Structure formats: C-alpha cells, structure tokens
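Take a look at the structure set out below.
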Amino acid sequence: MTESQKYLSRTHTCGELNENHTGKKVTLSGWVDRRRDHGGLIFIDLRDRYGKTQLVFNPQRNREMYESAKELKPEYVIAIEGIVQKRPEDALNPNLATGKIEVSAENLQIFNEAKTPPFQITDNNDASEELRLKYRYLDLRRSEMQRNIILRHRLSQVVRNYFNSQNFIEIETPVLMKSTPEGARDFLVPSRLHKGRFYALPQSPQTYKQLLMVAGFDRYFQITRCFRDEDLRADRQPEFTQIDVEMSFVDENAVLAVMENLMSAVYKELFNINLQTPLPRIGYRETITRYGIDRPDLRFGLEIQTVTGLVSGTEFRVFNDAIAGDGVIAGLSVPGGAEFSRKQVDELNRIVQEAGGKGLLPLKVKEGKLQGGAAKFLSETQMQKLTGQFSANEDDLILLAAGETDLTYKVLGVLRTHLGNQLNLIDRSRNELLWVVDFPLLEYDEEEGRYVAMHHPFTSPKPEDIPLMGTDPGAVRARAYDLVLNGTEIAGGSIRIHRRDLQQKMFKLLGIGEEEAKEKFGFLMEAFEYGAPPHGGIAFGFDRLAMILAGRKSIRDVIAFPKTTSAISLMDGAPSSVDEKQLAELGLKIDVPEIEKENE
RNA sequence: GGGGUCGUAGUUCAAUCUGGUUAGAGCGCCGGCCUGUCACGCCGGAGGUUGCGAGUUCGAGUCUCGUCGACCCCGCCA
C-alpha cells in the first residue's frame, strides 16, 4: 500500500491548525505520539517539533481508514490527509494549541514503522540519563529537550544579530592548531603528512583573535568550539562552545559596556526582560571577603562578616592562633539557626571540614546574649558588637571560622552556598548578574613551585602595578574581569598585553624561558613588533549561559550530543580504538598494557 | 588521583538495614471489550543471568572483596 502510493507532502505542521482552517483538506506528517482506541472510534495524536494535532478515525466516515489506524503504534512515522473539523464543544482540549480542532483522516501513508522505544517519549520523562544518552535521538524527540535546543538556537541568533549590529566581524579560526603550554591539557591530533608531529585542538582561539587585532579587524566575534582534556562536571564537557570576542582600541569600560548590552539584548529577545545596566562591579578581594568565592550567587544574602579585630584580646586560643598566624576570624549569621538540632550543626561542621576548614564555632543568639563554646571568652561588649555586625536577631545562629585567611573565606563560601540551598534562600525568579574585577594577575602553584597566570599569560597587568612584577608578583592585579550569573561564571576576559617587552616580562614571571617563549609563542611576539593595537576581549561559556537561561542544572541538557562524566559518548561509543593500518599511517604505536575492549 | 550516591522485568521503582516459600508494583508491551478520548477506561496475559566476577554460608537480590558503568563533589579546568 505504501509503496504504490503517491508521496503525501505536508501542507501544515502539527502545531498550526485552528478553527480558521475548519473544512480545509490538509496533510500532516510526523510521529504517532499516542493512540486512544475506543473500539468504535480511534484518536491519534500526531507529533512534530511544532506541536501535536489530534487525528480522528471514524468507521462511519471511512471504514478503510479506521481499519488501518489499528496498525499504528507509537513512533510510527506517517502522513495523514484529512479534513479539519471543529471538535464538539465538550471535547475541547485547552492544553493543546490545536485543541479546538481535529483532523478527520481520509488518507494514510506509513513512512516507517518503529520498534517500541526503550523509554516513552513524554514530557514527564523519568528514564535514566544513561538510557537517554544511549538513545539520544529519541530523547531529543521530547518537547522538553526540543525547547532546550531551540532556546540555544535562539540565543545564538541573538548573539549573532547583536554583534553584527555593532559592527563586529565573525571570523573562523583554525581547529587544528599548535599545542601550547600553560592551561588545560590539549587534545592532540596526529599528522599523517608529518609523522610524529601533532596538532592540538584549541582550548580557545586566544592567540588567533589577538592576531586578528594586529590584522586590523578591530571588532571580532565567533561562536566556536573549544576543547580541554580535563575531568568533567555538570557544567563542563571536553568540547564546549564559546562566544569569543576581541576588540581593539578599548579599555575595560568599553568591553564591559558592549557585553552588558549583549546581555540586555539576550534577556529582551528571549524573555522580554529589561536588564538593569550598568551591572554592579565588585573587586576580587571584596567578593572573597563577602562571599568566600569569586563567583558569588547574589540571589540571597547571608554575607560573610570579618570580625578579627572585634574578637582580639580574648583568652581564646582558637582566635589568638588565627590572629598570630596573620589569619582571620569571620563568619555568617543564619536566621533562625539557633533552633538547629545538634545533628544539623554537626552536618554543617562536616561540610566545613570537608572543604578543608578546621571547624565551626557556633554561637546562638538567646535573650540578647550569645551561647556556645566560644561565648565564655567574650565580654558583654564584644557580644553586642558581634550581634551588631552580623545584624543577628533573637534565635539566629552565628557561625564563626578562624584560621588562615584564604582558606577561612573559602570554607565560609562553601558553607554559605550550602545554607542558601538547604534553607531555600535562593530566589530562583531573580537573575543576578555582576562583574568581578581586579583579579590577581598570578597565583602561586605549590606543585610546580612557580607562579601561573590566573587568567592566561596574555592578560595585562594594571599599569600602576607593573613595578610590583619584579618585587611582589603575587600582589599584581590584572586587567581581567569575569561575568557572573547566579553563582556561575559565564564569561571571563581581559585587556591583553600588546607590547613585546611586557609580554616577555610576563613569560619570564611564569618561568617560561626565552627559548620556550620563542618556540611556543614566537609568532605572537613577532606580530607585536609589527604594530599591535591595544586590545582586549572576553569569552562566554555558551553552554553554561544556555543552561542557566533554560533553567537546567547540567549543560548536557542544552547540548544535542553530550558525553558522560567519563567523557564517553554512550550513543556511538567514542572514543574507540582504531585499526593497525590507521596507526601505521600516522606512525603511531599504542603503548598501553591493556586496551579496554569496547562494548559491542 | 580521591570522596559520595546508585545499578533488580522494556522502563521507573519495591524487596537489601534484619540472608530463608514462587523477587513484587506503576508505566510500557501483547490479547480482548469499549463512539468523544486527550496520561482514555475496563478485563486478561507475557515479561527477570537482581551489572559482571569471586568469596562467606546449609542457603545470597540481600553480607564481604574486586571489577565495570551512570551521576554528584574535591583535585584538575590559563
């Protein structure tokens, strides 16, 4: 029947028919979503990416159609020709865009039958992610996933339109590039023409976009894939997408303003939300002391207070040791926390210790006084000042931590995030964007015994801090900035070094010798000698941005074909071993004791 | 590299703590009935190497060890 039949070409999608089409002869195609067989009457929901439309097979209207509808099972791919008719008044479906009409079938074409899928293609899908990933093409049929992917598409369109309207040029940069030191592990690609040599996949197009600035493309952007061979997380995949941006003849303010306008366009176009700009800016040091993290979630308070001076001069060793060790005493106040059970407080203590801290000193606010192990060391005045600084009220719980400065703030940051979630303090309807600025240029890497770039080696130091490069490298601040949305870093960038001498100084600080610098970055250094403009830029984590905008907890939900936390593609089995012939062509030998057998 | 949660029917889970008869339920699937359903309804049925391997035991889904896999976190991710 299907072979001899003329191909039925759709005239409409499954999401667009309404009462105005009543009486029209139409053809729809799509997947059978559900069949409701009443014996004497069969309903079928036909689904495509635009929506669902109810088909009705009435034996009194068309006996043959009715009989053939009995064969139809979920996920069959069909075309149906029929007449649009209004539904009876008492059989409307207000939950469906097409719920006022139905199509009475007159002609059916089955393009393809379908096996029973391993999980049902429904919105309230509870299949395991493992199964969804293995059958990703089925998972992607679900409207929830389609919404995510379509939102991602709309986001990329807004981005392209915005940058185009602002005179930016989209330029593609190589995916096969030179392996560079510093940063993440590279994915390597062997070369057949040059055996024993390797390309690297870009961790980001950083050097290329700087060279484009030297070339005079003073406003560049690209939505591009980046690769980092590191361990995965809910918000980290080995390949991910960046919105990469670079501008010439700009300072921080110009870059930030362009990006704020981009975010305004995104919220306006996608959600019709007017974003308040300019966005707040907070210094790195300040965000650490207030939130214990460089990407604070501003959707809730619970700010950290530093009380080192306030509790000095006591007999309490924990405080005095911290002070003597040049550390801090800081904490936060939990509203109503005095009612926590012993077990709950122990749990918080455990979290702090897991994060590397020594522990917490809990102080309950009861009848205007503080209760707890540390309380007996505090004078009446100190207690009052403490409750004052924390703005603590009756039955609140002040949690203090004492110790080395960076660690103490870090553990309090972990504690703050935990409490924000546990106590449901996070207002999920809010979108809290902010800039974190004035990052340190370098951080000391204990393992390597040298300074490493906090951002990357091309980040410019603040001009007034350049003299410190020789004397106190750790104190040098960078012209770097991060954009943070609801506690997630969604973009990071900097004003770059554009002079060879300063770049060389930077390499030297990083322990990259002149030879190595020449060998790895000689092309960039040379370019700087032919007239490099001052420039700077930024890169957005496109997947993370899409994830947050889609209200998801994992970037896997906004990536069509993501990998598992062990970097495997469950659908196609990548990575896989290759045959000897391929290896021989590349001049490669595998030196792994036991190559794991691929499943299937 | 480290820590944690999980792995039982096609699927989502129960039975595991406290070892003991035939490993249950919802959804799906198959068959039957049903002309206004839309998560249709009703009746019946099929469906299991309890991830894999070893050990303890008279006896293991259950306890122990190993291993594989998924997910979350730390390290790592300029």
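Within every chain, numbering begins at 1; the chains are lettered A, B, ... in the order of the sequence lines, protein sequences first and strands thereafter. Note that this is a predicted model, so its numbers are computed, not measured. Any value given below was found using the heavy atoms of this structure, including those in side chains, with hydrogens, waters and symmetry copies removed.
Nucleic acid contact for A:Leu442: none, since no nucleic acid atom lies under 4.0 Å from a heavy atom of the residue. Residue A:Asp229 is out of contact with every strand shown, counting any heavy-atom pair closer than 4.0 Å. Here A:Ser566 lies in heavy-atom contact (under 4.0 Å) with sugar-phosphate atoms only. Using a 4.0 Å heavy-atom distance criterion, A:Thr565 is classed as a base contact. Heavy atoms of A:Glu489 sit nowhere under 4.0 angstrom from any nucleic acid atom. If you check every strand for non-hydrogen atoms under 4.0 Å, A:Ile42 touches nothing. Base contact: A:Pro457 has a heavy atom under 4.0 Å from a base atom.
Taking 4.5 Å as the limit, some side-chain heavy atom of A:Pro205 sits within range of a side-chain heavy atom of A:Cys226. The closest side-chain heavy-atom distance from A:Leu256 to A:Trp435 is below 4.5 Å. In this structure the side chain of A:Thr287 never reaches within 4.5 angstrom of the side chain of A:Tyr409, judged on heavy atoms.
B:rG59 and B:rG41 have their P atoms separated by 48 Å, given to the nearest Å. With P as the reference atom, B:rA14 and B:rC73 are 23 Å apart, rounded to whole Å.
Every residue meeting the side-chain hydrogen bond (donor to acceptor under 3.5 Å, both in side chains) condition with A:Asp297, not counting sequence neighbours, appears here in chain and number order: A:Arg299. A:Arg552 is linked by a salt bridge (charged side-chain N to carboxylate O under 4.0 Å, His left out) to A:Glu144, A:Asp557, counting only residues two or more places apart in sequence or in another chain. Evaluation of the ring pair (Phe, Tyr, Trp, His ring centres under 6.0 Å) rule for A:Tyr444 yields A:Tyr451 as partners, not counting sequence neighbours. Annotation: salt bridge (charged side-chain N to carboxylate O under 4.0 Å, His left out) contacts of A:Lys563 (sequence neighbours excluded): A:Glu239.
Legend: ring-ring contact (aromatic ring centres under 6.0 Å, His included) pairs involving residues 474-518 of chain A, not counting sequence neighbours, sorted by first then second residue: A:Phe507-A:Phe521.
Distances shorter than 4.0 Å separate none of the side-chain N or O atoms of A:Ser554 from OP1 or OP2 on B:rC71. Residue A:Arg36 places none of its side-chain N or O atoms closer than 4.0 Å to OP1 or OP2 of B:rU37. OP1 or OP2 of B:rU12 has at least one side-chain nitrogen or oxygen of A:Ser128 nearer than 4.0 Å.
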Identify the pairs formed between an N or O of the protein and an N or O of nucleotides 48-52 of chain B at a distance under 3.5 Å, and give each distance.
none

Filtered N/O pairs between nucleotides 1-9 of chain B and protein, under 3.5 Å:
| residue | atom | partner | partner atom | Å |
| --- | --- | --- | --- | --- |
| B:rG1 | O6 | A:Asp231 | OD2 | 3.4 |

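Residues A:Gln206 and A:Ala127 each lie close to RNA chain B; by heavy-atom proximity, the contact nearer the 5' end of the strand is made by A:Ala127. Comparing A:Asp37 and A:Arg544 against RNA chain B, the residue whose closest nucleotide sits nearer the 5' end is A:Asp37.
Stacking between A:His38 and B:rU37 is absent: the ring centroid is not both under 5.5 Å from the six-membered base ring centre and under 30° in plane angle.
At most 12 heavy atoms of other shown residues, nucleotides or ligands fall within 6.0 angstrom of atom OH in A:Tyr199. Within 6.0 Å of the NZ atom in A:Lys86, the count of heavy atoms belonging to other residues, nucleotides or ligands does not exceed 12. Counted within 6.0 Å of CZ on A:Arg295, heavy atoms from surrounding residues, nucleotides or ligands total 12 or fewer; the atom is thus considered open.
Residues from residues 43-62 of chain A lying near RNA chain B, meaning a heavy-atom separation below 4.0 Å, are A:Phe43, A:Asp45, A:Gln54, A:Asn58, A:Gln60 in numerical order. Listed by residue number, A:Ala234, A:Arg236 are the residues of residues 234-247 of chain A with a heavy-atom contact under 4.0 Å to RNA chain B.
Between A:Glu252 and the options A:Lys462, A:Arg477, A:Arg496, A:Arg479, a salt bridge (charged side-chain N to carboxylate O under 4.0 Å, His left out) holds for only A:Arg479.
Comment: A:Asp33 engages A:Lys52 in a salt bridge, judged by a side-chain N to carboxylate O separation of less than 4.0 angstrom.
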**Item:** Sugar-phosphate or base contact per nucleotide [nucleotides 24-31 of chain B; S, B, -; heavy atom under 4.0 Å]
**Value:** ---SSSS-
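Annotation: cation-pi geometry not satisfied between A:Arg225 and A:Phe542 (NZ/CZ under 6.0 angstrom from ring centroid, within 45° of ring axis).
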Exercise answer: donor-acceptor pairs, residues 509-518 of chain A side-chain atoms, under 3.5 Å, sequence neighbours excluded:
none

Report all side-chain donor-acceptor pairs from residues 89-97 of chain A shorter than 3.5 Å, counting only partners two or more places apart or in another chain.
| residue | atom | partner | partner atom | Å |
| --- | --- | --- | --- | --- |
| A:Asn93 | OD1 | A:Asn95 | N | 2.9 |

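For A:Ala91, the listed nucleotide lying nearest its side chain is B:rG36; candidates were B:rG36, B:rC71, B:rC77.
Across all strands shown, B:rC63 is found opposite B:rG55 as a Watson-Crick or G-U wobble partner, with both distances under 3.5 Å.
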